[in-house]
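Below: one structure, written as structure tokens.
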There are 2 protein chains.
Amino acid sequence: MQDQFKRDFFLGFIKVHILHHARIEPIYGKEFRQELRRHGYEISYGTLYPIFHKLEKGDYLTSEQKNVSGKIRKYYSITKKGVRALEAAKLKARELFNELFEES
Amino acid sequence: MQDQFKRDFFLGFIKVHILHHARIEPIYGKEFRQELRRHGYEISYGTLYPIFHKLEKGDYLTSEQKNVSGKIRKYYSITKKGVRALEAAKLKARELFNELFEES
DNA sequence: ATTACGATATCGCATTTCGATATTATAAAT
DNA sequence: ATTTATAATATCGAAATGCGATATCGTAAT
């Protein structure tokens, strides 16, 4: 599968992952990107950070800066609106799963 | 959930749906769009048709025109390469599902 | 002061997405 | 035979998104 289509198919998956993880615990860009790579997803910072910004602007995430041994990290947590969006996404993900894997 | 984010999250889901359905039987644009609407996905023709074209160009789909009572329909079927991409996507969808719904 | 460095932010270009509009092909009507 | 109607596909221009590369930030150590 070529990279071009990987992105096409999976960027949405990645966005759901963001909300899901940000609900469990605050996440920040660099570590989250590495987490994604461990799961086989490639995303550049030029894509990831603007997604964070957009999700924060849309009030799906909220951020808080922390100084970790002299380096600034921006931790994102999910908002109530984000939780609602995540639940809607989970519903759709479940439907997709059922359809893809139903016996036929 | 606002439309803007619906699209962000679900356009990839839609692309997986396309491959999945095109594997089961040949699909064509207008009917497939209505099928998607029944499942709660909104996509315009200005988005859908170029996706078909791109998937065909990338050899994930192949098309055949048919005359149905005077109207031309372009039926798309999946290719071998498309099947491989679909299987990869199903794997990822399963992983996403497992992560979203795992007990914690 | 300067350097080092983890981390975030932004740039310019290419591609994608969108609603709206145009085009195509044929059957039915005249 | 020409016109009209219509299902369906194709394409347009503008806006948004995605990308790799590069720049910037903030602080601690030197």
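Below, chains carry the letters A, B, ... as their sequence lines are ordered, and counting in each starts from 1.
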Check the distance between [N]'s [atom2] and [X]'s [atom1] and give it to me in whole angstrom.
X       : N      : atom1 : atom2 : value
B:Phe52 : C:dT17 : CZ    : P     : 13 Å
A:Leu55 : D:dT17 : CG    : P     : 11 Å
B:Ile43 : C:dT16 : CD1   : P     : 13 Å
B:Phe9  : D:dG18 : CZ    : C1'   : 16 Å
B:Ile51 : C:dG19 : CD1   : P     : 12 Å
B:His53 : C:dT23 : NE2   : P     : 16 Å
B:Glu42 : C:dG19 : CD    : C1'   : 13 Å
A:Leu11 : D:dT17 : CG    : C1'   : 9 Å

Lys/Arg cation over aromatic [Y]: [X], 6.0 Å, 45° cone:
X       : Y       : result
B:Lys15 : A:Phe9  : no
A:Lys66 : A:Tyr75 : yes
A:Lys74 : A:Tyr28 : no

Centroid separation under 6.0 Å, is that true for the rings of B:Phe32 and B:Tyr76? no
Is A:Leu48 close to A:Ile18 at the side-chain level, that is, under 4.5 Å between some pair of heavy atoms? yes
Identify whether the distance between the nearest side-chain nitrogen and carboxylate oxygen of A:Glu42 and A:Arg37 falls below 4.0 Å. yes
Please classify the nucleic acid contact of B:Gly46 as base, sugar-phosphate, or nothing, using heavy-atom distances under 4.0 Å. base
Across the strands shown, which category fits A:Lys15 at heavy-atom distances under 4.0 angstrom: base, sugar-phosphate, nothing? sugar-phosphate
Under 4.0 Å: is that the gap between some side-chain N or O of B:Tyr45 and OP1 or OP2 of D:dT9? no
Contact under 4.0 Å: A:Tyr49 side-chain N or O vs C:dT8 OP1/OP2: yes
Here the salt bridge (Lys or Arg N to Asp or Glu O under 4.0 Å) pairs for residues 86-96 of chain B, sequence neighbours left out, are B:Arg23-B:Glu87, B:Lys92-B:Glu95
Residues of residues 61-78 of chain A with any non-hydrogen atom less than 4.0 angstrom from an atom of DNA chain C: list those, numerically ordered, please. A:Lys71, A:Ile72, A:Arg73, A:Lys74
Per nearest nucleotide of DNA chain D, the residue lying toward the 5' end, A:Leu48 or B:Pro50, is B:Pro50
